[in-house]
Amino acid sequence: MATGPRKQFSRRAWLTAASGTAASGLVMTRFDAVKATVQEVPAQSVDPTRVPGRFVSEVGRRAPGEQPRRLVRTLALSSSSRTPLQDLQGTITPSDLHFERHHAGVPDIVAEEHELLVHGMVERPMVFRMSDLRRYPQASRICFIECSGNGGGAYNRNRMPTAISPQQLDGLLSTSEWTGVMLSTILREVGVRPGASWILAEGRDAAVMARSVPLDKAMDDSMLAYGQNGEAIRPEQGYPVRLLLPGWEGNAQVKWLRRIEVSDRPTMTRDETSRYTDPLKDGTARQFSFVMDAKSIITFPSYPYVLPDRGWWEIEGLAWTGRGRITRVEVSTDGGRSWADAVLQPPILSKSTVRFRHLWNWDGRDTVILSRATDETGYVQPTVQQLWDARGEGTSYHHNHQRAWKVASDGSVTFGLGDLV
Ligand SMILES: Nc1nc2c(c(=O)[nH]1)N[C@H]1C(S)=C(S)[C@@H](COP(=O)(O)O)O[C@H]1N2
Ligand SMILES: [Mo]
């Protein structure tokens, strides 16, 4: 984090926030800690009731003191950017803060010229332009997309981090309202032939990302998404159209989609053989682990916040599962000895992120806080030890183990999993 919060720490802002709330006798909110820790609060120079305000504009902008940023990483052709989970509210990720993962950059595609070919084991192979896709019945749904490599930064026993934020650890996760046409509608239009059981989805980027998806999923809730949070899908998210597979690993949700081939077997592409498989302890590997298992993370308090005072604080975070709805999130404020049910903040949508909250009266002593999620199948988010036992330590994807934060008596918060194992 080059321009990380630590660097912007303002002692003046800290004192203002801490004394301001204490004097007014209010419960401190996470915003007091955010302001105290992260941001230089711009000074109020004029009384806004004494001068006319700004006029209207065609496109709005963020308040100067609220400038959340993605965290960008580029490695040769491969790049990613991470959503600032600790800076956001509710569950929807503003589109310009949606995480990105590109294997060979973002292609510039002219929507009017883009074509999607649907062929293979079908009655009528067809080419769809965007104007064609828009004539079919439209659907919208809110769901998360998560890269299966998310959270890998806290899995290796010998490299357990302490100074890592929710964004750095789990920022390859975002939630949007997606709009488009159900893939089942298009597959009915071309007529899937008997015996077909898989599709291949292929992207029109320099990576030519290609993944096989079982036909059941394609016919169930998969979507050809051309809208994101009320506007056209962003170039970074796959403009003009991407495959959306609610609850499944991000990689299979092919962006800049140009081809769907219906077949009776998986194609065994580069991206599902050399990568996106999970090596197991016994030397074999698990392939096609599509569904993202239940997971949660406390986003406040978390590194790099500093709690200005003991007393009442509201712990909050996000929980999600690719298997349906989150039914329960428990929070422990004593290192996992006892657990309490957190409040789930509506809406609680299937295959979407849910915000949870838990009021905590911090006595000012060193402690460890953590969360664990349960989904509607009864699956409980495992400990890292349980994941190591089941999968070994050499796996690069699907790290959904419980996350913990160490709160020190000086109010500083660091990632604390190392102490639990
Ligand atoms: N065509 C294409 N599709 C792609 C990728 C890509 O590089 N090319 N990256 C995949 C990966 S690894 C992930 S995690 C998701 C990320 O989606 P996002 O960038 O919209 O967040 O897109 C997937 N679809
Ligand atoms: Mo990914």
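Start at 1 and go down the list; that is how both ligands and their atoms are numbered.
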> For R242 and ligand 1, answer yes if some heavy atom of the residue is under 4.0 Å from a ligand atom, otherwise no.
yes
> For ligand 1, which atoms have a heavy atom of E236 less than 4.0 angstrom away?
19 (O), 20 (O)
> With distance as the sole criterion, is a donor-acceptor pair present between the side chains of R242 and Q237 under 3.5 Å?
no
> Between the side chains of R234 and H98, does any donor sit under 3.5 Å from an acceptor?
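The answer is no; no qualifying pair exists.
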> Apply the test ring-ring contact (aromatic ring centres under 6.0 Å, His included) to residues W256 and Y239: give CA-CA distance (whole Å), side-chain angles for both, the deciding distance (0.1 Å), then the verdict.
CA-CA 6 Å; W256 314 294; Y239 181 85; over 10 Å; no
> So which heavy atom in the protein is nearest atom 7 (O) of ligand 1, and how far is it from that ligand atom?
H103 N, 2.8 Å
> Cut-off 3.5 Å, side chains only: do S212 and E272 have a donor facing an acceptor?
yes
> For residues E100 and S81, is any side-chain donor paired with an opposing acceptor at under 3.5 Å?
yes
> Would Y136 and E189 count as having a side-chain donor-acceptor pair, cut-off 3.5 Å?
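Note: Y136 and E189 side chains meet the donor-acceptor criterion.
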> Measure from the ring center of F288 to the ring center of W198 and say whether it is less than 6.0 Å.
yes
> Show the atoms of ligand 1 that are less than 4.0 angstrom away from any heavy atom in H102.
7 (O)
> Classify the side-chain pair R101/S78 by whether it contains a donor and acceptor separated by less than 3.5 Å.
yes
> Where does C147 meet ligand 1, judged by heavy-atom distances below 4.0 Å: at the side chain, the backbone, both, or neither?
both
> Find all atoms of ligand 1 within a distance of less than 4.0 Å from any non-hydrogen atom belonging to Q237, and give their numbers and elements.
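Near Q237, meaning under 4.0 Å from one of its heavy atoms, ligand 1 has 18 (P), 19 (O), 20 (O), 21 (O).
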> Looking only at protein heavy atoms, identify the closest one to atom 11 (C) of ligand 1 and say how far it is in Å.
N251 CA, 3.6 Å
> Considering only the protein, which heavy-atom contact is closest to atom 23 (C) of ligand 1, and what is its distance?
G250 O, 3.3 Å
> Identify the closest protein heavy atom to atom 19 (O) of ligand 1: which residue and atom is it, and at what distance?
K255 NZ, 2.5 Å
> Taking NZ, NE, NH1 and NH2 as the nitrogens, is one of them in E115 or R258 under 4.0 Å from a carboxylate oxygen of the other?
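No.
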> Can you tell which part of D205 has a heavy atom less than 4.0 Å from ligand 1: side chain, backbone, both or neither?
side chain
> Give me the residue, atom name and distance of the protein heavy atom closest to atom 9 (N) of ligand 1.
R101 O, 3.2 Å
> What is the nearest protein non-hydrogen atom to atom 21 (O) of ligand 1, stated with its residue, atom name and distance?
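Answer for atom 21 (O) of ligand 1: F99 O, 2.7 Å.
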> Can you tell me the protein heavy atom closest to atom 24 (N) of ligand 1 and the distance?
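Looking at atom 24 (N) of ligand 1, the protein heavy atom closest to it is Q253 O, 3.2 Å.
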> Does the T367 side chain pair with the main chain of V407, one donor and one acceptor, at a distance under 3.5 Å?
no
> Please could you name the atoms of ligand 1 that Y276 approaches to less than 4.0 Å, counting only its heavy atoms?
12 (S)
> Please indicate whether any nitrogen or oxygen in W256 is less than 3.5 Å from any nitrogen or oxygen in ligand 1.
no
